Protein chains: 2
Amino acid sequence: MLIVSPRRSVAEARQTRSDILASGVRLASAEGLEGLTIGRLATELGMSKSGVLGHFGSKEELQLAVVDAAADIFTREVADKARGVAPGLPKLLAMCRAWVSYLERRVFPGGCFFTAAASEFDDRPGRVRNAIAGLTTVWNRDLYRQTRTAMAAGDLPPETDADQLVFEISGVILALNNATQLHRDTTAPTHARRALTRLIGYPITAITLLLSLRAA
Amino acid sequence: MLIVSPRRSVAEARQTRSDILASGVRLASAEGLEGLTIGRLATELGMSKSGVLGHFGSKEELQLAVVDAAADIFTREVADKARGVAPGLPKLLAMCRAWVSYLERRVFPGGCFFTAAASEFDDRPGRVRNAIAGLTTVWNRDLYRQTRTAMAAGDLPPETDADQLVFEISGVILALNNATQLHRDTTAPTHARRALTRLIGYPITAITLLLSLRAA
DNA sequence: CCTACCGATCGGTAGG
DNA sequence: CCTACCGATCGGTAGG
């Protein structure tokens with residue numbers, strides 16, 4: 001019994017898929033997940049539309065794959081930067097620092113991929129919306145956990161309202177993204193660091209982070 | 001010399017235009033300013049596409065008119081609610097109160113119209129982007145002005161960084177919008193009021209507003 | 001304000 | 001992974 005052999009090797013196909021996703025993340029970051037059309041992607045990659053679509057099956061699957069690829073980038077840029085840091089306050093500070101840096105460096109040219117995606121899909125029930133909501137919930141939960149650990153360790157006041165703190169941190173992040181993208185406001189990272197420092201009670205600069213590490 | 005008479009009277013045409021904009025604001029709030037297509041608008045209104053387009057000339061003009069119509073609603077919901085209030089701290093409190101209420105009541109079903117529009121257009125240079133950026137700049141400037149007035153009156157500490165305060169207020173607003181729309185988080189308005197109260201140093205509840213008024 | 005169009009592009013399929 | 005399609009919809013125009 002013969003199996004029809006693919007025109008490209010498995011390794012080549014995987015590379016193509018990863019190329020498509022890299023272009024897709026960039027395109028979706030600038031134009032939105034709906035503005036990411038199969039035709040534009042194909043043109044940009046010098047492929048046929050069906051060649052692109054064949055890797056995913058439908059536009060929704062393509063969107064889900066692009067969201068996953070963007071999440072990998074975010075994880076590499078933020079969570080991984082705090083991976084070796086002691087849980088609690090040091091890790092909370094490191095995450096905030098990396099988050100601000102991720103927005104300051106404009107890792108996604110269109111600003112935070114997930115803020116844009118959330119705003120685009122928060123009114124459209126479906127798998128894409130669920131994926132975005134799920135990811136941001138996980139990241140917020142991580143902030144919450146580090147806050148509770150910091151409280152337990154006595155590094156944050158015991159009367160801290162952890163949910164409230166996470167809400168306010170998310171606000172600073174959103175304000176930074178908004179000011180950077182819409183107003184091209186270059187003072188925004190400074191405002192964001194100042195706000196976070198006041199919220200958490202410790203400067204979020206690198207030096208303090210090192211001191212926290214040494215103390216841990 | 002004859003002028004070709006329109007099929008509808010001027011008053012009727014104006015009413016039609018206003019009907020189109022009302023539908024347009026609702027559609028754009030849910031689907032985005034790009035998802036607002038002339039065909040869908042026509043179907044929803046029981047009109048022909050060219051009948052809709054004739055009122056605006058092009059899709060971009062339609063988008064600009066919809067942004068203006070949404071700005072009128074925002075002004076009615078927020079700025080007008082603080083119109084009679086004394087400048088400075090009382091007005092700042094009243095504006096924040098109205099802003100939270102506007103998001104809590106979900107005046108636009110898709111969440112803050114301008115947050116969504118900003119996220120959609122922050123990467124697309126053009127008149128629509130300029131209109132959105134201009135409006136949010138005006139509203140932020142109003143917050144800034146009231147902050148300065150409150151400082152001059154001694155109602156806020158003289159060392160207050162007004163730009164920083166406006167940045168942080170905008171973050172609370174954005175976090176409230178995000179939590180409400182993406183996570184359907186009903187505790188968000190409480191978090192937002194608590195954050196604003198702490199930022200400004202006075203409760204933003206109605207009773208305090210009345211007391212501030214009496215004291216003024 | 002309508003009908004009747006236009007070329008372009010959309011997501012997706014058949015078949016190889 | 002390609003060519004060659006499909007019906008639907010896009011923004012917009014001509015002409016009345």
Side-chain angles (χ1 to χ4, degrees), chain A residues 2-24 27-28 30-67 120-121 124 126-129, chain B residues 2-24 27-28 30-67 120-121 124 126-129:
Chain A
L2 274 177
I3 295 175
V4 176
S5 64
R7 307 292 166 84
R8 303 278 191 278
S9 72
V10 172
E12 281 171 327
R14 183 154 29 189
Q15 181 59 49
T16 300
R17 191 189 139 98
S18 130
D19 289 346
I20 295 172
L21 287 176
S23 283
L27 238 169
E31 310 280 346
L33 275 165
E34 212 55 54
L36 170 74
T37 68
I38 296 158
R40 292 171 74 168
L41 211 40
T43 302
E44 188 169 310
L45 291 157
M47 291 175 65
S48 67
K49 288 196 327 179
S50 72
V52 170
L53 194 56
H55 283 271
F56 306 96
S58 72
K59 176 158 185 182
E60 190 180 41
E61 293 292 344
L62 167 65
Q63 289 173 325
L64 289 167
V66 165
V67 168
E120 189 177 0
F121 277 84
R124 306 186 198 178
R127 297 171 61 201
V128 177
R129 194 205 127 97
Chain B
L2 275 176
I3 294 174
V4 177
S5 65
R7 307 292 165 84
R8 301 281 190 278
S9 73
V10 172
E12 282 172 325
R14 182 152 30 189
Q15 180 59 49
T16 300
R17 192 188 139 98
S18 128
D19 290 346
I20 295 171
L21 288 176
S23 283
L27 238 170
E31 309 282 345
L33 275 165
E34 213 55 55
L36 169 75
T37 70
I38 297 158
R40 293 171 73 168
L41 211 39
T43 302
E44 188 168 311
L45 291 157
M47 289 174 66
S48 67
K49 288 196 328 180
S50 71
V52 170
L53 195 56
H55 283 272
F56 306 96
S58 73
K59 175 159 185 182
E60 188 180 43
E61 292 292 344
L62 167 65
Q63 289 173 324
L64 289 166
V66 165
V67 168
E120 189 177 2
F121 277 84
R124 306 186 197 179
R127 298 171 63 201
V128 176
R129 193 205 128 96

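Keep in mind that this is a model prediction, so the values were computed, not measured. Note on naming: letters A, B, ... go to the chains in the order of the sequence lines (proteins, then strands), and numbering restarts at 1 for each one.
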Colleague: Run the side-chain contact (heavy atoms from CB on, under 4.5 Å) check on Phe56(A) and Ile20(A) step by step: do they pass?
Modeller: CA-CA 10 Å; Phe56(A) 306 96; Ile20(A) 295 172; 3.6 Å; yes
Colleague: Roughly, in whole Å, what's the span from CD in Glu12(A) to P in dC1(D)?
Modeller: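 Those two atoms, CD and P, are 8 Å apart.
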Colleague: Would one find a side-chain N or O of Thr16(A) under 4.0 angstrom from OP1 or OP2 of dC1(D)?
Modeller: yes
Colleague: Of all the heavy-atom pairs spanning Phe121(A) and Arg129(A), show the shortest one and how long it is.
Modeller: O-CG, 3.1 Å
Colleague: What is the distance from NZ of Lys59(B) to P of dG12(D), rounded to the nearest Å?
Modeller: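 For the pair Lys59(B) NZ and dG12(D) P, the rounded distance is 8 Å.
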Colleague: Got a donor-acceptor contact below 3.5 angstrom from the Gln63(A) side chain to the Val128(A) backbone?
Modeller: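 No, because the side chain of Gln63(A) does not come within donor-acceptor range (under 3.5 Å) of the backbone of Val128(A).
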Colleague: Separation of Gln63(A) atom CD from dC10(C) atom C1', in whole Å?
Modeller: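 Going from Gln63(A) (CD) to dC10(C) (C1'), I get 13 Å.
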Colleague: Can you tell me how far C1' of dC10(C) sits from CG of Leu62(A), to the nearest Å?
Modeller: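 Between C1' of dC10(C) and CG of Leu62(A): 14 Å.
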Colleague: Is a side-chain donor or acceptor of Ser18(B) paired with a backbone partner of Arg14(B) at a separation under 3.5 angstrom?
Modeller: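 Looks like no, no N/O pair under 3.5 Å.
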Colleague: Quickly work out the Asp19(A) CG to dC1(D) C1' distance and round it to whole Å.
Modeller: 14 Å
Colleague: Identify which nucleotide among dG12(C), dG12(D), dT3(C) has an atom closest to any side-chain atom of Leu53(B), counting heavy atoms from C-beta outward.
Modeller: dG12(D)
Colleague: Using only atom types and a distance under 3.5 Å, with no angle test, would you say the side chain of Glu44(A) pairs donor to acceptor with the backbone of Ser23(A)?
Modeller: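 Answer holds: no.
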Colleague: Which heavy atom of Ala65(B) sits nearest to which heavy atom of Arg17(B), and what is that distance?
Modeller: CB-NH2, 4.1 Å
Colleague: Looking at residues 33-49 of chain A, who's got a heavy atom less than 4.0 Å off DNA chain C?
Modeller: Thr37(A), Ile38(A), Gly39(A), Arg40(A), Lys49(A)
Colleague: Heavy atoms from C-beta onward define the side chain here; which of dG11(C), dT13(C), dG12(D) lies closest to that of Ser50(A)?
Modeller: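 It is dT13(C).
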Colleague: Take N1-N3 plus N6-O4 or O6-N4 for Watson-Crick, N1-O2 plus O6-N3 for G-U, both under 3.5 Å. Which runs of 3 or more such pairs involve DNA chain C?
Modeller: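 Listed by first number, the stems are C:1-16 with D:1-16.
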Colleague: Just wondering, do Leu53(B) and Leu62(B) contact through their side chains at under 4.5 Å, heavy atoms?
Modeller: no
Colleague: Checking Thr16(A) side chain against Glu12(A) main chain: does a donor-acceptor pair fall under 3.5 Å?
Modeller: yes
Colleague: How long is the line joining CZ of Phe56(B) and P of dC1(C), in whole Å?
Modeller: 10 Å
Colleague: Kindly give the heavy-atom pair with the smallest separation between Arg127(A) and Glu61(A), and that separation in Å.
Modeller: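 So the two residues come closest at NH1-OE2, 2.8 Å.
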